Amino acid sequence: MENARPRLLQFGKMPLAQLDIDLAQAYDVHILSQEADPDRFLAEHGAEFELAATSAAMGLPARVVNALPHLKFVSSFGVGFDALDKESLLRRGARVGYTPGVLDDCVADMAFALLLDAARGLSESDRFVRRGDWEKSRFGLRTRASGKRIGIFGMGRIGSTVARRASGFDMEVAYHNRRPVEASPHLYLPSLLELASWSDFLVITAAGGDATQHLVNAEVLDALGPEGILINVARGSVVDEAALVTALQEQRIAGAGLDVFEDEPRPLPALLQLDNVVLAPHIASGTNETRRAMADLTLQNLRQYLATGRPLSEVPWSAAQ
Ligand code: 8YV
């Protein structure tokens, strides 16, 4: 029965080891990154694959799509699809599945973890205690979070989950989005600059990609101002990281909490020197429960594509929509 399993090109190892096992059980999997010479493997075997699997972090570059002339479906583990090469996938006519909806809670939790940490200096205070500084001095006073204004850039599923968390902290909520969200009860501000000026905390939950590249720039950070705190759980590309470093160094904003960076896993070295920023290694969806739910949807998308020709969750620009 070995050969009855559909062939699947997996771009690399998945962010959940069990998913590698699950995929290998259901499919005749070849992991491209584990081939001694991936380019040669693609040249020799690329035409044998109709199915591929990847993650939001790994993405799928044009170089790989172009080497898979019969590619029909890609199942991607993650909600972001900015690293999947849209042009080559559209040209190929391949459909693309992804995993929205199942990670909103954990990503919103992480936004609040970073927000509270950046406001109250939790990570910094941990370093303070471990260094033995408590016996020598008092930890400085920090910023209150509850009751403050939270500005959400990107009012999609994750943004609105952040807004729900904010109500538990008695915060005022406003947002900016390409267009107002009809069902949203919150204040819509028509520009990111206005949102930043209005906010005590500016939380980024907008999708990455060309449309949002560096939208959070020096001007937006100055609008957020010296009491303001920036939180990013979306994509590093949305923020001009060099401008952020300067704003933090010059204390033109009060602080930041970042789960994502322009060049992962390499945050700008200057960030590592600053105490007014909390850094996390892109772990917002990184709980056992959520990663399992993402894995299940990745598998379900493959199964459903094979059964019906359409996955359960398909990226908005996926072929023939
Ligand atoms: C993933 C993410 O953990 O879903 C996304 O778009 O960025 C994260 O949830 C990561 O990209 C897994 O590949």
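Note that the structure is a prediction, hence the values are computed from the model and not measured. Both counts, for ligands and for their atoms, begin at 1 and track the order of listing.
Aromatic ring centres of Phe112 and Phe169 lie closer together than 6.0 Å. Taking the six-membered ring for Trp, Phe153 and Tyr175 have ring centres at least 6.0 Å apart.
Summarising the local packing, CD of Glu87 is surrounded by 12 or fewer heavy atoms from other residues, nucleotides or ligands at distances under 6.0 Å.
Tyr305 and Phe73 have parallel rings, their planes meeting at less than 30° on a 0 to 90° scale where 60° marks the start of perpendicular. Using bins of under 30°, 30° to 60° and over 60° for the plane-to-plane angle, the ring pair Phe81/Trp317 lands in the perpendicular bin.
Sorted by first and then second residue, the side-chain hydrogen bond (donor to acceptor under 3.5 Å, both in side chains) pairs involving residues 49-71 (not counting sequence neighbours) are Asp39-Arg63, Glu50-Lys72.
Residues of the protein with a heavy atom under 4.0 Å from ligand 1 are Pro15, Ser55, Ala56, Ala57, Phe77, Gly78, Val79, Gly80, Leu103, Arg235, His282, Ser285, Arg291, Met294, listed by chain and number.
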